[in-house]
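Counting begins at 1 with the first residue of the sequence.
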Amino acid sequence: MESLLDTPPDPVTDDALGRLADDPVTPPRHGDIAMQKVAGIPDIVPGDDLAQILVETLSRRGQPLRDGDILVIAHKVVSKAEGRVVALADITPSQEARELAAQVNKDPRKVEAILGESRRVVRAVKRPQQTEGTLIAEHRLGFICANAAVDESNVGAEDTIILLPEDPDRSARRLCERLEAAFGVRLGIVITDTFGRPWRMGLVNVAIGLARVPSQVDLVGERDAFGRVLSVTMPALADELAAASGLLMGKSDKTPVVLFRGIEWHSSNSSARDLIRPQQEDLFR
């Protein structure tokens with residue numbers, strides 16, 4: 001496929017990228033990567049035109065996008081713009097939700113929202129030291145995650161929850177098309193959420209929606225640094241970008257967008273769902 005990085009350096013935009021960072025980033029040389037948060041994005045509310053807001057913010061800050069740039073975007077600004085915000089007062093819990101809520105000491109209205117976003121509940125658990133337990137669920141999109149990704153942080157209102165976009169891949173494609181048209185370049189978009197991980201502590205950002213960016217890079221048949229032929233190596237590029245973006249997406253920083261420049265990648269029609277391990281390959285289900 002045609003590489004998206006065959007454009008010569010632009011001293012004007014490269015200089016803007018370096019000068020306007022909160023912590024200045026040296027513009028990438030060949031083989032280097034630069035990542036920078038896009039500051040100045042206002043609080044997003046339902047009905048906002050997120051694509052136009054991003055265009056205006058990038059233009060105002062002198063950060064025109066270039067061919068091959070990738071924007072990694074926290075899903076909450078996408079979900080807010082798409083109206084995926086729900087007041088708990090508007091939810092009537094079912095009997096199933098009340099029973100599960102009693103097991104894990106959760107608000108039954110939140111549990112009802114979790115059930116509405118889930119194919120199934122994998123496990124309900126509350127440890128003695130916990131005030132509130134966790135529902136591990138298979139989200140309707142196929143992701144296995146805590147509470148079906150229903151969240152209360154950074155919503156902007158009390159007693160309100162936020163859900164994943166209805167179709168994060170579609171959301172990414174629409175944003176990508178608008179931004180490409182505005183800047184006249186070819187881009188990649190990754191939409192992220194923060195997940196826990198089995199057998200490891202801590203949280204990382206993962207890809208839940210993609211436009212153009214390949215979910216994985218197939219290195220099978222290539223050789224390692226010592227000449228050995230690779231037989232199973234397939235880095236999850238989208239998740240690598242998502243995880244790296246977490247270094248600049250502080251929970252209290254209001255910086256939901258990170259710009260990557262200098263990544264070597266090729267346009268793909270992949271989906272974030274490609275990163276979900278098929279059931280027939282799941283050794284633990």
Side-chain angles (χ1 to χ4, degrees), residues 41-50 73-172 191-198 201-209 242 246 249-254 256 272-273 276 285:
I41 297 171
D43 290 340
I44 304 299
V45 299
D48 275 350
D49 186 340
L50 180 59
I73 304 173
H75 90 84
K76 286 182 181 176
V77 292
V78 180
S79 292
K80 287 179 180 179
E82 294 181 356
R84 299 284 289 161
V85 178
V86 182
L88 290 176
D90 295 335
I91 299 175
T92 302
S94 62
Q95 183 60 33
E96 181 184 8
R98 292 181 184 279
E99 292 173 359
L100 272 174
Q103 289 183 46
V104 295
N105 195 37
K106 279 188 182 296
D107 186 323
R109 299 170 298 177
K110 184 177 179 181
V111 174
E112 182 63 35
I114 292 168
L115 292 175
E117 288 290 288
S118 302
R119 294 178 182 173
R120 65 188 177 102
V121 174
V122 177
R123 189 175 180 190
V125 59
K126 179 184 176 297
R127 298 184 178 89
Q129 69 272 24
Q130 290 180 306
T131 301
E132 181 178 305
T134 301
L135 296 175
I136 304 299
E138 181 177 3
H139 191 274
R140 58 181 173 76
L141 295 170
F143 308 119
I144 305 292
C145 57
N147 302 320
V150 174
D151 201 354
E152 297 172 277
S153 66
N154 282 321
V155 180
E158 292 295 324
D159 295 321
T160 304
I161 55 176
I162 192 163
L163 316 177
L164 294 188
E166 285 281 357
D167 185 341
D169 286 325
R170 181 180 62 199
S171 301
I191 295 176
T192 71
D193 193 16
T194 305
F195 283 11
R197 302 163 295 165
M201 301 299 290
L203 305 172
V204 295
N205 286 355
V206 301
I208 64 164
M249 286 184 183
K251 284 290 187 181
S252 60
D253 292 346
K254 293 189 176 182
R273 299 188 202 188
I276 299 171
R285 188 179 304 215

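Within the model, atoms CD1 of I208 and OG1 of T194 stand 9.5 Å from one another, a figure rounded to the nearest 0.5 Å. Here CG of L164 is found 6.5 Å from SG of C145. Values are rounded to the nearest 0.5 Å. The distance from atom CG of L88 to atom NZ of K110, rounded to the nearest 0.5 Å, is 8.5 Å. Between the CD1 atom in I161 and the CD atom in E152 there is a gap of 7.5 Å [rounded to 0.5 Å]. Rounded to the nearest 0.5 angstrom, S118 OG and E138 CD are separated by 9.0 Å.
In this structure the side chain of L100 never reaches within 4.5 angstrom of the side chain of I114, judged on heavy atoms. You'll find the side chain of P168 stays beyond 4.5 Å of the side chain of H75, heavy atoms only. The side-chain heavy atoms of N147 and T134, taken from C-beta on, include a pair separated by under 4.5 Å.
Minimum heavy-atom separation, S79 to L163: OG-O, 2.7 Å. Nearest approach of P93 to R98, heavy atoms of both residues: CG-NH2, 3.5 Å. Nearest heavy-atom pair, G209 versus A272, reported as atom, atom and distance to 0.1 Å: N-CB, 3.5 Å. Across all their heavy atoms, R119 and L141 have their closest contact at NH2-C, 4.0 Å. Of all heavy-atom pairs between I191 and A172, the closest is CD1-N, 3.6 Å. Closest approach of D193 to A149, counting heavy atoms only: OD2-CB, 3.5 Å.
The environment of CZ in R123 is sparse: at most 12 heavy-atom neighbours from other residues, nucleotides or ligands sit within 6.0 Å. Counting non-hydrogen atoms of other residues, nucleotides and ligands closer than 6.0 Å to NZ of K254 gives a total of 12 or fewer.
With K76 as the fixed residue, the side-chain hydrogen bond (donor to acceptor under 3.5 Å, both in side chains) test singles out one of T192, D151, N154: D151.
For E117 and R84, the salt-bridge test passes: some basic side-chain N is under 4.0 Å from an acidic carboxylate O.
Under the 3.5 Å distance criterion, the side-chain polar atoms of N105 are left unmatched by any main-chain donor or acceptor of E132. The backbone N or O of L50 lies less than 3.5 Å from no partner atom in the side chain of D48, so there is not a single donor-acceptor pair. No donor-acceptor pair under 3.5 Å is formed between the side chain of R109 and the backbone N or O of A87.
For the residue pair E99 / Q95, a side-chain donor-acceptor distance below 3.5 Å is found, with atom types taken as modelled.
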